[in-house]
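One structure is given below, encoded as structure tokens.
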Amino acid sequence: MEDEWLWGWDPTPGIVSVWAEPDGRAFVWRRLPGTGALVRDDVRFRPWLLLASLDDLTHLGARLRPESEGPVPRGVNYQELEGPGALRYVVRADDGRALAAAVLHGAARRLGRQLGHVRELGESAVLSLPPEEQYLIASGRTYFRDLGFDDLRRMQFDLETTGLDPGRDRIFLVALREPDGRTDVIEAHGDGDAAEADLLRRLVARVRAIDPDVIENHNLHGFDLPFIARRARVLNVPLALGRAGLPGLRQRPASRGASLGSGSMGRTPDPMRRMRYTLPGRELIDTLDAVLRHDFSARDLPGHGLKAVARHFGLAGPEREHIPGARVYEVYGRDPERVRRYARDDVTEAAGLARLLGGAAFALARMAPRRYERLADAGPATGVLDPLLVRAYLRAGAALPAHESGDGTPHSGAALHLFATGVARHIVKADVASLYPSLMREYRIGPRRDRLGVLLALVDRLVEHRLAAKARARSAAPGSPERHTNEALSAAMKIVVNSAYGYLGAVGLTRFADVHAANEVTRRGREVLGLLCRELARRGVTLLEADTDGVYFAVPDDWREADERRVVSEVAALLPPRVHLEFDGRYAAMLSHEPKNYVLQSYEGELILRGVAFRSSRAEPFGEDFLRRALRCLLAGDIPGVRETYVATVTALRRRTIPTLDVAANVRLKKTPSEYLAVRERRRELSYEAVLASGRKHWAAGEHVRVYRAVRGRAGLLPDPDAEDDGSARHDSRDDGGGGAAGEPLDYDVDYYVRLLRETFAARLVRALAPEDFAAVFADPEQPSLFAPSLANARPILTVLAEPSSELGE
DNA sequence: GCAAAACGGGG
DNA sequence: GTGTACGTTTTGC
């Protein structure tokens, strides 16, 4: 039974896509085991709804019959589910439209008004799923049984356009990557409507010839598909991208989680942001969704753009061609070969990213009764757990609770303790892996209304399967499909397991939400964190910061790694059986600044900056550079070194030996010229003033510029460093040169940047030094104080804020 | 310093 | 096939 809850029960292998129509037709594309040949099964299913009452169907008279009496022509069958639960009647008919029409007819009579859709009856009265999900839930089938990720036919395509606005701009080139890894580009022959229409027709023909199961790209749903849809409409090109004579590209409403932006009222709503697209027979997968899902837990990505992510994961080759987006079309004019390379690199990276991060959604699709593409962009709670729960209840013939609003009990959160600020050495991080699901399992904390215990059973099975998958992954050869599949399975199960707690706490959003259960989980969590902190402190460590499920602490200088591990395992042994405290890492030093804001230095010397205080996205390069060098000195205990770094930076600013490029901020112009001019009198913004002052009256919203504060309150604009060169001009800032090599102006406002250095960057070291030392280290080098203390004996400080016992309430 | 608004990503 | 959700950073007073 529990296996059926997790995996479904129908053994049909190889399903790669499902398309179902409300009229009861379903099309199932499968790859045959062994040959991998594609077949399409055209089947019928009985569309169904879940209702709280049969009242709206009694008007059918004899055409409403119990399921056990068999189908009625043009009628509806019903089955009453057992047990408590608002949604207790499954109603089925041959045609879902007739079924819905019958319900709507009855509802209109009862309510005295017409409804457009059964959903308008409300979540407590009806559950109506998309046809594919009706089919998958009823049949017990899931995608990808007995298939590996590499058995899918995956293709990628990437548009190059003259701009970002499909109402104005055009597609001039498309890069394609075939399932075997070959890449190719197709281009518009000319720049009129006919050439672009011809390009679109060739793209459609190529997709149909390649006949992929899956189409992937980065921001596919946010850019490429809406762009294509719009251009095809304007140019009157049919987009028959799907499989077999069914309709072409269709829109579906944006789903939760991954859709970007809110395109709110007021300003022009951006329709590109909300849509999702779908095709019969193929799955449309956006790697941006996988990236967001990954970063939600990992939180280690520098950005979510394709290039940044590919670089981060080592997918970018050394020869990777780079062109700033705004220049692509212009570069194409004089060096088309370079744009071709760039576009091919894009699809290659998108394919690599899809394989690296896409396995989790693939694995989810083997469990949950939804289309693969829906699972790729779904939130794990309502997108994965809820369909699993619905399928389990229906399989058991059990009535399903409807959504219920909370009783007003507030949701209590996790514990966060800051024990000390400043600099400490010999740091250990220990944490509990999957704390909340472990507590749910250990203390059997599940939703009150889940009388079958499905959620806890799912979590139990997922944890067991996950451990097994991890073990299989470890024993498989690195890079092998076996390893990839098991790592993906493990990642998918982790997503679901970790969302079980979120599911509990999402009152009003999830069917079985239970704030009391959620609060019991966090209460146990706070208890565990408090216990492990107290027990660590008793063993002679200095606690620094503890957050939810992990703790940083410092150990005495003479401890070895073995001592660190011993103390962690001693404390681990005192925790509840399923709660596993793990040794998560060791670091040479740590600057504890504020809760969730700290700097770690590894024993290899690498600096790790965490939290908003240390990660400002548009920070000026000279300041970032200063901060990193000062932190290195600080964490090594070298206070005179911090002073030297500061003096050197101030001096270099005053002598203007720091290039203007290093004081400039890289900003994006978000407002159009007219939008800015409209608000200019109310508030002036440096970036736009810089552009205007340079004599330019026109710019495109979204354009990146480098701006700085120049002398006499002027705003300075630097020429785009990416303009002409090969894009490798990532400027390496070191105060070693006499200004910009290209003769850039050195007219930045020195006083302003000296102040910025002190108040914004140096200020991040304030917790690390005694007040008199801080004042001395960051004193103005041109105004030497007579009483300046010697820094030779200065040491970083650690300030204990709370004794663990008082902070932890014991 | 705070609340409100904008952003994310794509060329 | 409509609507709301998010979390973080920047802006505006």
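Note on naming: letters A, B, ... go to the chains in the order of the sequence lines (proteins, then strands), and numbering restarts at 1 for each one.
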(request) Pick base, sugar-phosphate or nothing for A:D346, based on heavy-atom distances below 4.0 Å to the nucleic acid. (result) sugar-phosphate

(message) Without decimals, in angstroms, what is the distance between A:H403 NE2 and C:dA5 P?
(response) 16 Å

(request) Determine the minimum heavy-atom distance between A:I228 and A:L159, stating which atoms define it. (result) CG1-CD1, 3.8 Å

(request) Using a 4.0 Å heavy-atom cut-off across all strands, classify A:L220 as base, sugar-phosphate, or nothing. (result) nothing

(request) Output the single nucleotide from B:dG10, B:dG11, C:dG1 whose closest atom is nearest the side chain of A:K307. (result) B:dG11

(message) Measure CZ/A:F157 against P/B:dG11 and give the value in whole Å, please.
(response) 13 Å

(request) Kindly write out the residues that satisfy salt bridge (charged side-chain N to carboxylate O under 4.0 Å, His left out) with A:R341, not counting sequence neighbours, or none if the list is empty. (result) A:E321

(message) Quick one, A:E123 with A:R119, criterion salt bridge (Lys or Arg N to Asp or Glu O under 4.0 Å). Give me CA distance, side-chain angles, the key distance, then yes/no.
(response) CA-CA 7 Å; A:E123 282 181 323; A:R119 290 260 167 89; over 6 Å; no

(message) Please classify the nucleic acid contact of A:D169 as base, sugar-phosphate, or nothing, using heavy-atom distances under 4.0 Å.
(response) nothing

(request) With P as the reference atom in both, quote the distance from C:dT2 to B:dG8 in angstrom, rounded to an integer. (result) 25 Å

(request) Could you pull out all residues at least two apart from A:P447 that satisfy side chain to side chain contact (heavy atoms under 4.5 Å, CB included)? (result) A:D450, A:L455, A:L504, A:F512, A:D514

(message) Can you see if the side chain of A:H117 gets near the phosphate of C:dG1 - specifically, an N or O under 4.0 Å from OP1 or OP2?
(response) no

(request) Write down the distance separating the P atoms in C:dG7 and B:dG11, rounded off to the nearest Å. (result) 28 Å

(request) Starting at atom CG of A:D224, determine the distance to atom P of B:dG9, rounded to an integer number of angstrom. (result) 15 Å

(message) Please report the distance separating the P of C:dA5 from the corresponding atom of B:dA5, rounded so that it comes out in whole Å.
(response) 13 Å

(request) Using a heavy-atom cut-off of under 4.0 Å over every strand shown, decide if A:L159 touches base, sugar-phosphate, or nothing. (result) sugar-phosphate

